[in-house]
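Contents: one structure, followed by commentary.
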Amino acid sequence: ENGLLTALEQLAGYIHRAFDVECTFQFPLDMVNYKQEVAIHLYRITQEAVSNAIKHGKASRITISLFTNGSNFNLCIADNGIGLEPGNPLHSSGMGLRIMEYRASLIGATFTIQNLPQGGTIVSVK
């Protein structure tokens, strides 16, 4: 109701309180508003990525970042968890990653997920 930025900020606060996981949200002050359909898909992708980081990745720290480059956006959810198993995670038996990829495609975005060099995982929607 109050926009994507408020929703993601509240989600980060909830995750911190409910799961005792350090969860922060970073965004530039000149952030533009998104169409409601885009905002809903970005929010749901973030929810799933954060849930996966806690449940499967055993993360203790999660950073949600949203920034723009002209009319394009980049949403990143990075964690310090155990990372992904080798192989293509989008071919796993779980539905969560495929649903995130599908949601990204509905709004004309690309979806990637990969291990970070220092450990953990990063989900990116561009």
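This one's a predicted model, so the numbers in the text were calculated from it and none came from an experiment. Count residues from 1 along the sequence.
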Practice task
Report the C-alpha separation of I62 and I77 in whole Å, then their side-chain angles, then the decisive distance to 0.1 Å, and conclude whether the side chain to side chain contact (heavy atoms under 4.5 Å, CB included) test is met.
Solution key: CA-CA 7 Å; I62 302 168; I77 303 98; 3.8 Å; yes

Fill in the blank from the handout: Shortest non-hydrogen pair, T121 vs G83, comes out as OG1-CA, 3.4 Å

Exercise for the section: Please report the C-alpha distance between R103 and I107 in whole Å, then the side-chain angles of each, then the deciding distance to 0.1 Å, and finally whether the side chain to side chain contact (heavy atoms under 4.5 Å, CB included) criterion is met. Expected result: CA-CA 7 Å; R103 284 185 176 277; I107 58 174; over 6 Å; no

Exercise for the section: Could you tell me whether a side-chain N or O of H41 sits under 3.5 Å from a main-chain N or O of A104, the two making a donor and an acceptor? Expected result: no

Exercise for the section: Treat each ILVMFWY residue as a node, draw an edge where side-chain heavy atoms are under 4.5 Å apart, and state whether F111 and I40 are in one component. Expected result: no

Exercise for the section: Find the distance between CZ (R98) and OG (S105) and round it off to the nearest 0.5 Å. Expected result: 13.5 Å

Handout entry: A59 backbone acceptor or donor facing N80 side chain under 3.5 Å
Key = no

Problem - CD1 on I64 to CD1 on I45, rounded to 0.5 Å - result: 12.5 Å

Practice task
Could you tell me which non-hydrogen atom of V123 sits nearest to which non-hydrogen atom of A49, and how far apart they are?
Solution key: CG2-CB, 4.0 Å

Exercise for the section: Step through the shown structure and confirm whether more than 12 heavy atoms of other residues, nucleotides or ligands are within 6.0 Å of CD on Q118. Expected result: yes

Handout entry: Closest non-hydrogen atom pair, K58 against K55
Key = NZ-O, 2.9 Å

Practice task
Of all the heavy-atom pairs spanning S124 and C76, show the shortest one and how long it is.
Solution key: OG-SG, 4.0 Å

Fill in the blank from the handout: Heavy-atom nearest pair, F73 first then V38, reads CE2-CG1, 4.4 Å

Handout entry: Spatial distance of atom CZ (F19) from atom OH (Y14) [nearest 0.5 Å]
Key = 4.5 Å

Completion exercise
CE of M100 to CD1 of I113, rounded to nearest 0.5 Å, is 5.5 Å

Exercise for the section: Using the rule that two of Ile, Leu, Val, Met, Phe, Trp, Tyr join whenever any of their side-chain heavy atoms come within less than 4.5 Å, decide whether L11 and I54 are in one cluster. Expected result: yes

Practice task
Show the numbers, then the answer: is there a side chain to side chain contact (heavy atoms under 4.5 Å, CB included) between L4 and L42?
Solution key: CA-CA 8 Å; L4 179 61; L42 292 176; 3.8 Å; yes

Problem - Donor-acceptor contact below 3.5 Å, side chain S51 vs main chain E48 - result: no

Exercise for the section: For Q114 and I122, run side chain to side chain contact (heavy atoms under 4.5 Å, CB included): C-alpha distance rounded to whole Å, both residues' side-chain angles, the deciding distance at 0.1 Å, then the answer. Expected result: CA-CA 6 Å; Q114 58 191 16; I122 186 163; 3.6 Å; yes

Fill in the blank from the handout: Interatomic distance, CD@Q26 vs OG@S65, rounded to 0.5 Å, equals 4.0 Å

Exercise for the section: Can you measure from CG (L5) to CG (L66) and round to the nearest 0.5 angstrom? Expected result: 6.5 Å

Completion exercise
In short, E9 meets F27 closest at the heavy-atom pair OE2-CE2, 4.1 Å

